[in-house]
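See below for the structure under consideration.
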Amino acid sequence: MKITEHIANANGKTLFSFELLPPLKGQSLQGIYNAIDPLMEFNPPFIDVTSSREHHGYKEHASGLLEKVTYRKRPGTVAVCAAIMNKYKVDAVPHLICGGFTKEETEYALIDLQFLGIDNVLALRGDALKTDAGFIPTPGGHAYASELLQQVANMNNGVYLHEYQDTSYKTDFCIGIAAYPEKHFESPNLKTDFRYLKQKVDAGAGFMVTQMFFDNSKYKAFVNLCRENDINIPIIPGLKPITSAKQLINLPKIFHIDMPEDLSDAVHACKNDKEVKEVGIEWMINQCKELVEFGAPVLHFYTMGNAEPTKRIASAIF
Ligand SMILES: Cc1cc2nc3c(=O)[nH]c(=O)nc-3n(C[C@H](O)[C@H](O)[C@H](O)COP(=O)(O)OP(=O)(O)OC[C@H]3O[C@@H](n4cnc5c(N)ncnc54)[C@H](O)[C@@H]3O)c2cc1C
């Protein structure tokens, strides 16, 4: 079922969902199941599975020569989605990214997803390679999420790449996009970022999932800005509890978000990470209660495969 339908069927009740990473190459699916099992009691209508691009590295030969190698650390997004749907009978939402994929590869992935009965995708650009200063589009791929979204929207209209035969079957994907209440880090300001966001909505996005935030006023201001600009699709808050002191520095560095002073003061007052985890969970419970009151359609958790903190928060809310 489409995420928009899940939300409409909930009649204003806030739903619970979460995101997982596919297993590292060479590991089994059991880790994924271990991360899902404890959270099923909160009835997630959907579970997101991230996608990651290739990495480059060097392998040293006995001769001393270095060979450049390209590999994916976490392949398997589509198959993990199929396994989740099969085992738990919930919708799985694969993330699609531009980086590392040609348009043809994206088209084939979308055909696989359609055949598997997957109704939702999250269309993203993806991050730059660690070795590149900025995002460089893959040759034959897309430069922006809006182009990827357009490809999915085209298939929903029966328009495929290279139409040399009867390719008129219309897919019916509900397309999600990323949103940044504190703006995307490459954007000069929120207004510019917002303009591109609106382009994606106008091109057919059905819902948004936000970057994590720790200050609800940022999310509320962003929702209000969207509504004032005729953007009326669901805006799903993405949430992650702090579990260690080093995240005070790492999360702003990686995700370009602010930490509220009260939260950083509380973390600084902790003696160890065990105490930090309690502070992080308590903070997130309060955030969630306020978001439910505000009418957030879904509370969506970035679990990173660690169910325990999310389970404690969800137990206090649902
Ligand atoms: C909910 C969520 C899930 C995510 N999941 C993944 C994942 O699974 N895998 C992964 O690799 N990354 C993931 N990311 C990270 C995301 O891919 C990065 O933040 C990426 O840098 C931007 O992606 P985007 O889809 O917002 O890009 P875009 O919408 O393409 O925007 C990127 C930047 O370009 C600007 N821009 C957009 N359109 C144009 C245009 N036409 N002309 C000029 N500038 C433009 C925007 O303002 C922004 O600054 C996720 C992020 C979120 C919030």
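All of these numbers come straight from a predicted model, not from anything done at the bench. Note that ligands are numbered from 1 as they come in the structure, with each ligand's atoms numbered from 1 the same way.
Of the N and O atoms on the side chains of E104 and H162, at least one donor lies less than 3.5 Å from an acceptor on the other residue. For Q150 and N154, the side-chain atoms include at least one donor-acceptor pair closer than 3.5 Å. Side-chain atoms of Y169 and Q114 form a donor-acceptor pair, as typed in the model, at a separation below 3.5 Å.
At a 4.0 Å heavy-atom cut-off, ligand 1 touches H95 through the side chain alone. Both the backbone and the side chain of Y144 come within contact range of ligand 1, each with a heavy atom under 4.0 Å.
Closest heavy-atom approach to atom 38 (N) of ligand 1 among the candidates F185, Y196, F194: Y196.
In terms of protein heavy-atom proximity, atom 7 (C) of ligand 1 is closest to S51 O, 3.4 Å. For atom 51 (C) of ligand 1, the nearest non-hydrogen atom of the protein is Y180 OH, 3.8 Å. Among protein heavy atoms, atom 14 (N) of ligand 1 sits closest to L124 CD2, 4.3 Å. Counting protein heavy atoms only, atom 12 (N) of ligand 1 is closest to G126 CA, 3.9 Å. Nearest to atom 29 (O) of ligand 1 among the protein's heavy atoms is K200 NZ, 2.6 Å.
Taking 4.0 Å as the cut-off, R53 does not count as a neighbour of ligand 1 on heavy-atom distance. Using a 4.0 angstrom heavy-atom cutoff, Y302 counts as in contact with ligand 1. Heavy-atom distances between F135 and ligand 1 stay at or above 4.0 Å for every pair.
Contact atoms of ligand 1 toward H184: 19 (O), 20 (C), 21 (O), 22 (C), 32 (C), 33 (C), 48 (C), 49 (O) (distance under 4.0 Å to a heavy atom of the residue). Remark: ligand 1 atoms within the under-4.0 Å shell around heavy atoms of I97 are 9 (N), 10 (C), 11 (O). Near V209, with a cut-off below 4.0 Å to any heavy atom, the atoms of ligand 1 are 1 (C). If you number the atoms of ligand 1 from 1 as listed, the ones under 4.0 Å from a heavy atom of T50 come out as 8 (O). Each of the following atoms of ligand 1 lies closer than 4.0 Å to a heavy atom of D193: 46 (C), 47 (O), 48 (C), 49 (O). Against a heavy-atom cut-off of under 4.0 Å, Q211 is close to the following atoms of ligand 1: 53 (C). Close contacts between ligand 1 and A145 involve ligand atoms 25 (O), 27 (O), 28 (P), 29 (O), 30 (O) [criterion: under 4.0 Å to a heavy atom]. Those atoms of ligand 1 that come under 4.0 Å of a heavy atom in A178, given as number and element, are 26 (O), 52 (C), 53 (C).
Contact check for V276 versus I242: side-chain heavy atoms found under the 4.5 Å cut-off. Put simply, the side chain of W283 reaches to within 4.5 Å of the side chain of D262, judged on heavy atoms. Between R227 and I235, some side-chain heavy-atom pair lies under the 4.5 Å cut-off. By the 4.5 Å heavy-atom criterion applied to side chains, D215 and E182 are not counted as neighbours. Looking at heavy atoms from C-beta onward, I32 lies out of side-chain contact with P22 at the 4.5 angstrom threshold.
Cluster annotation: Y196 is not connected to I177 through the hydrophobic network of ILVMFWY side chains, with a link wherever side-chain heavy atoms come within less than 4.5 Å. Placement of I257 and M304 in two distinct hydrophobic clusters is found when ILVMFWY residues are connected by side-chain heavy-atom separations under 4.5 Å, directly or transitively. Each of L239 and Y180 belongs to its own hydrophobic cluster when Ile, Leu, Val, Met, Phe, Trp and Tyr are linked at side-chain heavy-atom distances under 4.5 angstrom.
Salt bridge annotation for K311-E41: present, with a cationic side-chain nitrogen under 4.0 angstrom from a carboxylate oxygen.
The shortest N/O to N/O separation between R125 and ligand 1 falls below 3.5 Å. Here's the thing with S52: none of its N/O atoms is less than 3.5 angstrom from an N/O atom of ligand 1. Backbone and side-chain nitrogen or oxygen atoms of D127 are examined, and one is located within less than 3.5 angstrom of a nitrogen or oxygen of ligand 1. Residue contacts with ligand 1: A179 is placed with no nitrogen or oxygen under 3.5 Å of a nitrogen or oxygen of the ligand (distance criterion only).
A centroid separation of less than 6.0 Å is found between the aromatic rings of Y302 and H300.
Remark: R312 is not positioned above the aromatic ring of F301, lacking an NZ or CZ atom under 6.0 angstrom from the ring centre and at most 45 degrees off the axis.
Taking a distance limit of 4.0 Å, we find that atom 31 (O) of ligand 1 is approached by no protein heavy atom.
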